[in-house]
Amino acid sequence: MPLVTIDVIKDVSPQAEAGPYLKVTAAMVEVEGGDMRGVTWVRVNEFESGDWAIGGKALKTSDVQALAAGKSGLVQRRD
């Protein structure tokens, strides 16, 4: 059975009650077929601001928001 784990930093974006779970389950069903719906597990792990790092720099909520908006130098895009 599929197990999908989503790691997020707390308070980065508001989470609809079932939004991520339904969307990820739907994506797995699209890939694996309809029989997988009832056995697809989705879990979300929330980390405190600063408890996650990228490139050796601890990420805060504001850093992740800047990344999402394309306004951060933490990760360089390679097109």
Side-chain angles (χ1 to χ4, degrees):
M1 71 190 117
L3 169 62
V4 179
T5 302
I6 304 168
D7 294 335
V8 298
I9 294 178
K10 285 184 183 177
D11 302 322
V12 168
S13 62
Q15 301 255 343
E17 207 167 292
Y21 305 105
L22 293 174
K23 290 178 181 178
V24 170
T25 299
M28 289 303 302
V29 167
E30 184 177 327
V31 171
E32 298 289 337
D35 291 341
M36 290 290 116
R37 182 175 306 280
V39 295
T40 297
W41 296 39
V42 179
R43 63 182 179 179
V44 176
N45 295 326
E46 289 187 315
F47 292 86
E48 294 294 331
S49 181
D51 284 353
W52 192 335
I54 187 169
K57 181 179 188 274
L59 293 177
K60 296 185 176 155
T61 301
S62 59
D63 296 323
V64 178
Q65 290 167 336
L67 278 168
K71 299 178 181 177
S72 176
L74 287 173
V75 177
Q76 294 183 7
R77 293 179 61 180
R78 295 177 188 228
D79 295 333

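We count residues from 1, following the sequence as given.
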Any non-hydrogen side-chain atom of [X] less than 4.5 Å from a side-chain atom of [Y]?
| X | Y | answer |
| --- | --- | --- |
| Val29 | Val31 | no |
| Leu59 | Ile9 | yes |
| Asp7 | Trp52 | yes |
| Trp41 | Met1 | yes |
| Pro2 | Val39 | yes |
| Met36 | Met28 | no |

- Item | Backbone of Arg37 reached by a side-chain donor or acceptor of Thr25 within 3.5 Å |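 No, Thr25 side chain to Arg37 backbone: no donor-acceptor pair under 3.5 Å.
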
- Message: What's the separation between atom NZ in Lys10 and atom CG in Asp51, rounded to the nearest 0.5 Å?
- Response: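 These two atoms lie 9.0 Å from each other.
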
- Task: To the nearest 0.5 angstrom, please state how far the CD atom of Glu46 sits from the CD atom of Glu48.
- Result: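 Taking CD in Glu46 and CD in Glu48, the distance rounds to 8.5 Å.
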
- Message: If I compare all heavy atoms of Thr5 with all of Arg43, which pair ends up nearest, and what's the gap?
- Response: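 Looks like OG1-NE, 2.8 Å.
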
- Write down the atom of Ala58, the atom of Asp63, and the distance for their closest heavy-atom approach.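 Where Ala58 meets Asp63 most closely, the heavy atoms are O-OD2, 3.7 Å.
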
- Task: Might you confirm whether atom CG of Asn45 has over 12 heavy atoms from other residues, nucleotides or ligands at distances under 6.0 Å?
- Result: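 For Asn45, atom CG is crowded (more than 12 foreign heavy atoms under 6.0 Å).
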
